[in-house]
Amino acid sequence: MKIAVLVYGSPTASSAAATAYRYARAAIGLGHQITRVFFYGEGVHGASALAAPPQDEVNWGQRWQQLAQEHEIEMIVCIAAALRRGVLNQQEAQRHGKSAANLAAGFELSGLGQLADAALNSDRLITFGG
Amino acid sequence: MILHTVNRAPGSHAALQQCIQALSGPAALLLIEDGVYGATPAFTRLFHRLDGTVHCYVLAADLQARGIDALVDGRFQVIDDAAFVQLSLDCDKMVAWY
Amino acid sequence: MSTPDKQLLVVVGAGPHNATRARDALDLVLTSAAFEIGVGILFRDDAVYQLLPQQQADAIDAKSLAANLQALPLYDVEQLYAPRSALEARGLDPDNLLLPVQLLDDNATAALLHSYGQILSF
């Protein structure tokens, strides 16, 4: 089965990123395909390369990066939600005259059309809210 | 069949009540994250209006993390992450209540 | 327009000024409509406050959500629903709302969820 996942919760103020990760890992373990993970609302903070949690705590952004790399998962970050919250790639940083970019490798900024598409073209869309 | 997930504690948030109000069978109801507190006996009254076509589940890891796995009401089936995935595929769509 | 099993129901539970939830939901609705995906909205819980007619968002320097909601018919988004119980619980008059929404009792709300192909909640 092709499964898409929506992460709509902050990585620090909710468990959305963590529960979604556990779900995705279990799905892959059962032989299913996670086609796309869409980060929206406060969920976009999970795509910041600048998060530096203490070493004895999990960095969920890094976990997602590893999982995505190993299993060819598209990780899409809603561009409007990301810009509003200061999660920018190089191109957007330049466009908006910002001095730095912080979108972690493996994540891609794109539009909400990618979520609408995932809703209709995946076998399932699983939402994790915050 | 719809899979409903609830991730808020019923003692401080109305998500579980609202979910139950809008729920009709056949359906699956899965408590996750802080929602798992809803599986303890103090909240069983909330589930009385559900008939036998609504199956209730609770996520094992979230129970264990909160130290309440021994307190789960008999109405609930405790499931692991893999069973969560299987449940989400057995149902044809989901509604997340949060 | 897409067949019902390919239609999307966006469920929103937040009032107009609760973080960005109401706007995030609306943005997804408008995007879906632009992609010619059939889309409906269920205003549940505090989201019925989005439907109050006399909102003045500029009083708190916020962008008006109501103005965007009123544009929904222009995008052919006309499947708008609210549970009657959500309005009653908040003492709101169903005859005095920003948009023509279909009022549903609890059974009809449950049936609505069953009738759409996909559901996304905010």
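Convention: sequence-line order gives letters A, B, ...; per-chain numbering from 1.
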Is A16(A) in contact with chain B via its backbone, its side chain, both, or neither, using a 4.5 Å heavy-atom distance?
backbone
Pull out the residues in residues 94-109 of chain A that come under 4.5 Å of chain B, heavy atom to heavy atom, sorted by number.
none
If you count heavy-atom pairs under 4.5 Å with chain B, which of R25(A), H32(A), R124(A) comes out on top?
R124(A)
Hey, does the side chain of N7(B) reach the backbone of F128(A) with a donor-acceptor pair shorter than 3.5 angstrom?
no
Which atoms form the tightest heavy-atom contact between V85(B) and A27(A), and what is the distance?
CG2-N, 3.5 Å
Where on I32(B) is there a heavy atom nearer than 4.5 Å to chain A: the side chain, the backbone, both, or neither?
side chain
State, without any angle test, whether S88(B) and Y23(A) hold a side-chain donor-acceptor pair at a distance under 3.5 Å.
yes
Would you find more than 12 non-hydrogen atoms of other residues, nucleotides or ligands less than 6.0 Å from E72(A) atom CD?
no
M94(B) side, atom CE; L125(A) side, atom CG - distance, nearest 0.5 Å
8.5 Å
Please say which of D123(A), I3(A), L30(A) ends up in a side chain to side chain contact (heavy atoms under 4.5 Å, CB included) with L89(B).
I3(A)
Strictly less than 4.5 Å between heavy atoms, which residues of residues 54-65 of chain B line up against chain A? Please order them by number.
L59(B), A61(B), D62(B)
